[in-house]
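Have a look at the structure below before the remarks.
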Protein chains: 2
Amino acid sequence: MSRPSEFLPTLQALVQCYQAFETFSAADIRGLGLTPPQFDIVATLGNTAGMTATELGEKTLITKGTLTGVVDRLVGRGLVERTAHGSDRRCQIIRLTPSGEALFARVFPSHMAYMAECFADSGAADHERWQGALRALEQIFRKKEKA
Amino acid sequence: MSRPSEFLPTLQALVQCYQAFETFSAADIRGLGLTPPQFDIVATLGNTAGMTATELGEKTLITKGTLTGVVDRLVGRGLVERTAHGSDRRCQIIRLTPSGEALFARVFPSHMAYMAECFADSGAADHERWQGALRALEQIFRKKEKA
DNA sequence: TAAATTTAGTTCGTGTTAGAACTAAGTGTG
DNA sequence: CACACTTAGTTCTAACACGAACTAAATTTA
């Protein structure tokens with residue numbers, strides 16, 4: 001067993017890091033006229049032929065109940081559309097409209113460039129260190145949730 | 001300048017790690033009858049003589065507009081109270097009521113024990129690695145937001 | 001095949017979230 | 001002192017978050 005004085009600083013560092021990212025990223029996304037979940041969806045659907053709501057939810061980490069509302073708003077703005085799935089009438093294929101494709105082509109590169117500035121001085125070794133640490137920490141939580 | 005193929009995996013790892021933590025932690029907190037922000041507030045106020053709303057917001061990373069509502073609900077349940085600040089009439093001191101203290105004494109150790117199970121096999125070196133990586137990554141976002 | 005179970009999405013209730021506009025109170029400068 | 005400015009908290013709006021309950025359509029089981 002571990003003591004809080006050992007692991008609490010790790011959890012605080014995780015939350016503070018995530019918040020810093022979210023705040024920084026969202027400021028740019030809002031300036032592009034989207035909310036962060038909306039951007040995630042548009043970015044995920046870009047350069048694809050569409051996908052089911054379940055698949056979209058898995059990729060964006062948005063739960064299905066929330067996804068309905070976010071997609072509703074994007075449909076209302078004419079950026080995505082729901083089309084029938086060929087063989088399974090429970091499913092829908094969600095995909096970008098031409099207007100949504102145009103938005104994707106504009107905002108995705110813009111936001112990538114914005115984020116790239118952060119990492120101008122970071123090398124491959126930095127990324128390996130971050131990804132290695134983050135994936136190990138993620139497993140810490142996932143291994144317990146199975147039990 | 002950096003390429004998305006380099007830094008996107010880092011960002012995805014961060015988001016997935018954070019989500020895994022949040023989901024795992026929240027499941028326990030909800031079982032204790034609190035929401036995650038409510039738990040944060042009770043945990044922050046525990047073993048203190050109270051603090052101003054601004055200070056509480058800084059520690060819990062809850063913005064002031066949100067804090068009003070969360071504190072309202074805790075006041076409604078009789079767990080915290082707002083008292084006048086001695087010298088500055090704009091401020092309030094928010095602190096736990098006796099009932100809130102009792103709740104803190106029950107749920108805080110319980111949740112710590114729940115989280116400690118995750119880190120049963122982690123040593124000091126693991127925590128140093130995680131904290132070092134997370135703090136460095138956090139600075140990546142903070143150094144740009146100043147500019 | 002009929003019943004039981006699973007899966008896909010929607011709806012609903014409660015709570016959180018950020019930012020912006022607002023009020024009240026303190027601080028600074030002339 | 002009077003004015004501009006800052007700070008503390010609340011209110012407001014739009015959107016998101018999650019779980020639970022629900023409908024409809026598939027799939028499994030007997």
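Below, chains carry the letters A, B, ... as their sequence lines are ordered, and counting in each starts from 1.
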_Under the criterion side-chain contact (heavy atoms from CB on, under 4.5 Å), I'd like the reasoning laid out for B:Thr10 against A:Arg129: C-alpha separation, chi angles, the key distance, then a yes or no._
CA-CA 9 Å; B:Thr10 299; A:Arg129 169 170 165 251; over 6 Å; no

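- The side-chain hydrogen bond (donor to acceptor under 3.5 Å, both in side chains) test applied to B:Asp72 returns B:Arg82, not counting sequence neighbours.
- Terminal axes of the helix from C:dT1-D:dA30 to C:dG30-D:dC1 (five pairs each, C1' rotation axis) are separated by 30°, to the nearest 10°.
- Less than 4.0 Å separates DNA chain C from at least one heavy atom of each of the following residues of residues 25-33 of chain A: A:Arg30.
- Of the residues in residues 67-83 of chain B, those with a non-hydrogen atom less than 4.0 angstrom from any atom of DNA chain C are B:Val70, B:Arg73.
- A donor-acceptor pair is defined here as one N or O able to donate and one able to accept, closer than 3.5 Å; such a pair exists between the side chain of B:Asp126 and the backbone of B:Gly123.
- Using the six-membered ring where Trp is involved, B:Phe119 and A:Phe7 have ring planes that are parallel, under 30° apart on the 30 and 60° scheme.
- Listed in residue order, the members of residues 34-59 of chain B having a heavy atom less than 4.0 Å from DNA chain C are B:Thr35, B:Pro37, B:Gln38.
- Taking the six-membered ring where the residue is Trp, the centroids of B:Phe24 and B:Tyr114 are separated by under 6.0 Å.
- Nearest-nucleotide assignment on DNA chain C puts the 5′-proximal partner with A:Cys91, out of A:Cys91 and A:Gln19.
- Counting only residues at least two apart or on different chains, no ring-ring contact (aromatic ring centres under 6.0 Å, His included) pair has a member in residues 44-88 of chain B.
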Pair up each side-chain donor or acceptor in residues 92-104 of chain A with any protein partner under 3.5 Å, not counting sequence neighbours, and list the distances.
unit_1, atom_1, unit_2, atom_2, d
A:Arg95, NE, A:Glu81, OE2, 2.9
A:Arg95, NH2, A:Glu81, OE2, 3.3
A:Thr97, OG1, A:Gly78, O, 2.6
A:Thr97, OG1, A:Leu79, O, 3.1
A:Thr97, OG1, A:Ser99, N, 3.4
A:Thr97, OG1, A:Gly100, N, 3.0

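- Looking at B:Gln38, its side chain does come within 3.5 Å of a backbone N or O of B:Thr35 through a donor-acceptor pair.
- Between A:Ser87 and A:Ile62, the residue whose closest nucleotide on DNA chain D is further toward the 5' end is A:Ile62.
- In the 5' to 3' direction, nucleotides of DNA chain C lying under 4.0 Å from heavy atoms of chain A begin and end at C:dT7 to C:dG19.
- With sequence neighbours left out, the side-chain hydrogen bond (donor to acceptor under 3.5 Å, both in side chains) criterion links B:Arg30 to no other residue.
- The stretch residues 36-63 of chain B participates, sequence neighbours left out, in these ring-ring contact (aromatic ring centres under 6.0 Å, His included) pairs: B:Phe39-B:His111.
- D:dT7 atom P lies 16 Å from atom NE2 of B:His85, rounded to whole Å.
- Rounded to whole angstrom, the span from the CG atom of B:Asp88 across to the P atom of D:dT7 amounts to 12 Å.
- Considering only heavy atoms from C-beta on, A:Pro36 comes within 4.5 Å of A:Glu22 through its side chain.
- By the side-chain hydrogen bond (donor to acceptor under 3.5 Å, both in side chains) test, B:Arg135 is found to be paired with B:Gln131, residues two or more places apart in sequence or in another chain being considered.
- No donor-acceptor pair closer than 3.5 Å links the side chain of A:Thr23 to the backbone N or O of A:Ala20.
- The residue among A:Gly65 and B:Leu61 whose nearest nucleotide of DNA chain C lies closer to the 5′ end is A:Gly65.
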Can you list, pair by pair, the side-chain donor-acceptor contacts under 3.5 Å of residues 55-66 of chain B, counting residues two or more places apart and other chains?
unit_1, atom_1, unit_2, atom_2, d
B:Thr60, OG1, B:Leu56, O, 2.8
B:Thr63, OG1, B:Thr66, OG1, 3.4

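- B:Arg77 contributes no side-chain N or O that, together with a main-chain N or O of B:Arg73, makes up a donor-acceptor pair within less than 3.5 Å.
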